[in-house]
Amino acid sequence: MEKSKGEHAFRFHPRQVLERIGVDGFVLALLSMILLAYLWPEGGVSQDAFSLSSLANYGVSLIFFFYGLRLSGKKLKEGLGNWRLHILVQASTFILFPLLVLPFKNTFSDTSVQVLWLGTFFLASLPSTVSSSVVMVSMAEGNIPAAIFNASISSIIGVFITPLWMGFVVSGSSENMDLGSIIQKLIAQVLLPVILGIALNPVWGNIADKYKKQLKYFDQAVILIIVYTAFCESFEKKMFSDLTAVELILLGSSMLVLFSTAYGITALLCNLLKFNRADRITTVFCGSKKSLVHGTVMSKVLFSHSTITGILLLPLMMYHALQLIVVSMIARKMVKKR
């Protein structure tokens, strides 16, 4: 009997271990989509009357409609007053990140590494993520209304800022962009559904809150479809053939350095501005995170006719997994210090 108790004490479940370090089922599902795309790329490149790519386009608009539906004006107004916090979060998201990556644009001559740099800059130009930022801020006992406000306003700003940054770095290249057309598509596919959702929040907002868990699964399903189709195209065109294991390891290390640098600079500025603990937590968490939802959606619009979308999403997916792991560990450590 003693032995069985001892054995039970040392028993662990892989799922619990992964959750403890911040790796959830969605990250594993993303990896599964990449593997499926490698094994069966035909499923994502089909252009029949019904295709996964066209299905994802409709799903994208629904994601942002439901996102707007869960946003109440009252919650946004609660976070309006702290203007220094808002400016610092948005500056970190849309200015600090791109400026950290931009100096390395002409450092590498190898074509495959240049594509990875472009994907990294695309990641750097994206808005902050909403749900995980709010969850982590809540876990660490930060300023939740300010987190909701900043993550939400970041999504709207990103519709305009992200294409401008990307147009700046690809100007004159083979990936040249029609910024006017791109912004129009993002307004139609992202911004208008959000505005419609916010307008209908007083009527249906309580229903959206009630079924937010199911809506989260819907969001994730659409993202998985977009990731699968993007990687199918890249695998079909053999776009990954030039990438080496060393380059992928260096890319992962670069994502860690990027996160640590942005987080550290933002934390330093919080100290200089003498933010209180709750505001400091909100600023560093919201200002250092990037949205996988917006990244996958915008990649369909910005690089709609490109075969390198799968490669361009690699830095974002690595960063997404990294930010979940590192920030959840930091949040738990902050709570223990209380």
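Below, all heavy atoms of this structure are taken into account, side chains as well, without hydrogens, waters or symmetry copies. These numbers come from a predicted model, not from an experiment.
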Chemist: Which word best sums up how the rings of Phe235 and Tyr38 line up, parallel for under 30°, tilted for 30 to 60°, or perpendicular for over 60°?
Modeler: perpendicular
Chemist: Taking all heavy atoms of Val301 and all of Lys185, pick out the closest pair and write down the distance.
Modeler: CG1-CB, 3.8 Å
Chemist: Clusters formed by hydrophobic residues whose side-chain heavy atoms approach within less than 4.5 Å: which one holds Trp83, and what are its other members?
Modeler: Ile87
Chemist: Could you work out, with side-chain contact (heavy atoms from CB on, under 4.5 Å) as the rule, every residue matching Leu100, not counting sequence neighbours?
Modeler: Leu96, Leu258, Thr261, Ala262, Ile265
Chemist: Just to verify, what does Phe64 make a ring-ring contact (aromatic ring centres under 6.0 Å, His included) with, not counting sequence neighbours?
Modeler: His294
Chemist: Checking side chain to side chain contact (heavy atoms under 4.5 Å, CB included) between Leu30 and each of Leu313, Leu224, Thr296, which is the one that passes?
Modeler: Leu224
Chemist: By side-chain contact (heavy atoms from CB on, under 4.5 Å), which residues pair with Leu251, not counting sequence neighbours?
Modeler: Leu116, Thr120, Met255, Leu314, Pro315, Met318
Chemist: How long is the straight-line distance from OG1 of Thr282 back to CG of Leu88, given to the nearest 0.5 Å?
Modeler: 11.5 Å
Chemist: Using the side chain to side chain contact (heavy atoms under 4.5 Å, CB included) rule, pick out the option among Met136, Gln323, Arg280 that qualifies with Phe285.
Modeler: Met136
Chemist: Look at the side chain of Lys300 and the backbone N and O of Ile226, then say whether any donor-acceptor pair between them is shorter than 3.5 Å.
Modeler: no
Chemist: Looking at Phe122, Phe168, Trp165, which hits side chain to side chain contact (heavy atoms under 4.5 Å, CB included) with Pro98?
Modeler: Trp165
Chemist: Of all heavy-atom pairs between Val137 and Cys286, which one has the smallest distance, and what is that distance?
Modeler: CG2-SG, 4.4 Å
Chemist: What are the two closest heavy atoms between Thr162 and Pro127, and how far apart are they?
Modeler: OG1-CD, 3.8 Å
Chemist: Report whether Ile34 and Ile249 are members of the same hydrophobic cluster (ILVMFWY, side-chain heavy atoms less than 4.5 Å apart, transitive linking).
Modeler: no
Chemist: Holding to side-chain contact (heavy atoms from CB on, under 4.5 Å), I want the full list of residues that pass it with Asp219, two or more places apart in sequence or in another chain.
Modeler: Ile63, Arg70
Chemist: Taking the hydrophobic residues Ile, Leu, Val, Met, Phe, Trp and Tyr, and joining any pair whose side-chain heavy atoms are under 4.5 Å apart, which ones share a cluster with Val246?
Modeler: Leu250
Chemist: List the atom of Ser288, the atom of Tyr263, and the distance in Å for their closest heavy-atom pair.
Modeler: OG-CD1, 3.8 Å
Chemist: What do the steps show when you test Val89 against Phe149 for side chain to side chain contact (heavy atoms under 4.5 Å, CB included), and what is the final call?
Modeler: CA-CA 11 Å; Val89 170; Phe149 175 85; over 6 Å; no
Chemist: Taking only residues two or more places apart in sequence, or in another chain, which ones meet Tyr228 in a ring-ring contact (aromatic ring centres under 6.0 Å, His included)?
Modeler: none
Chemist: Which pair of non-hydrogen atoms, one from Ala124 and one from Val101, has the smallest distance, and what is that distance?
Modeler: CB-CG2, 3.8 Å
Chemist: Determine the minimum heavy-atom distance between Val203 and Asn206, stating which atoms define it.
Modeler: O-OD1, 3.6 Å
Chemist: Under the ring-ring contact (aromatic ring centres under 6.0 Å, His included) rule, collect the residues that match up with Tyr211, sequence neighbours excluded.
Modeler: none
Chemist: What is the distance from atom OG of Ser61 to atom CG of Leu196, rounded to the nearest 0.5 Å?
Modeler: 10.5 Å
Chemist: For a side-chain hydrogen bond (donor to acceptor under 3.5 Å, both in side chains) check, start with the C-alpha distance between Ser92 and Thr266, then their side-chain angles and the critical distance, and finish with the verdict.
Modeler: CA-CA 7 Å; Ser92 175; Thr266 307; 3.2 Å; yes
Chemist: Phe97: what forms a ring-ring contact (aromatic ring centres under 6.0 Å, His included) with it, not counting sequence neighbours?
Modeler: none
Chemist: Connecting only ILVMFWY residues whose side-chain heavy atoms lie within less than 4.5 Å of each other, what is the rest of Tyr58's hydrophobic cluster?
Modeler: none
Chemist: Parallel under 30°, tilted from 30 to 60°, perpendicular over 60°: which one fits the rings of Phe65 and Trp204?
Modeler: perpendicular
Chemist: My understanding is that only residues two or more places apart in sequence, or in another chain, count here; which of them pass side-chain contact (heavy atoms from CB on, under 4.5 Å) with Ile183?
Modeler: Phe160, Pro163, Ile187
Chemist: Under the rule for side-chain hydrogen bond (donor to acceptor under 3.5 Å, both in side chains), what residues qualify as partners of Gln189, not counting sequence neighbours?
Modeler: none
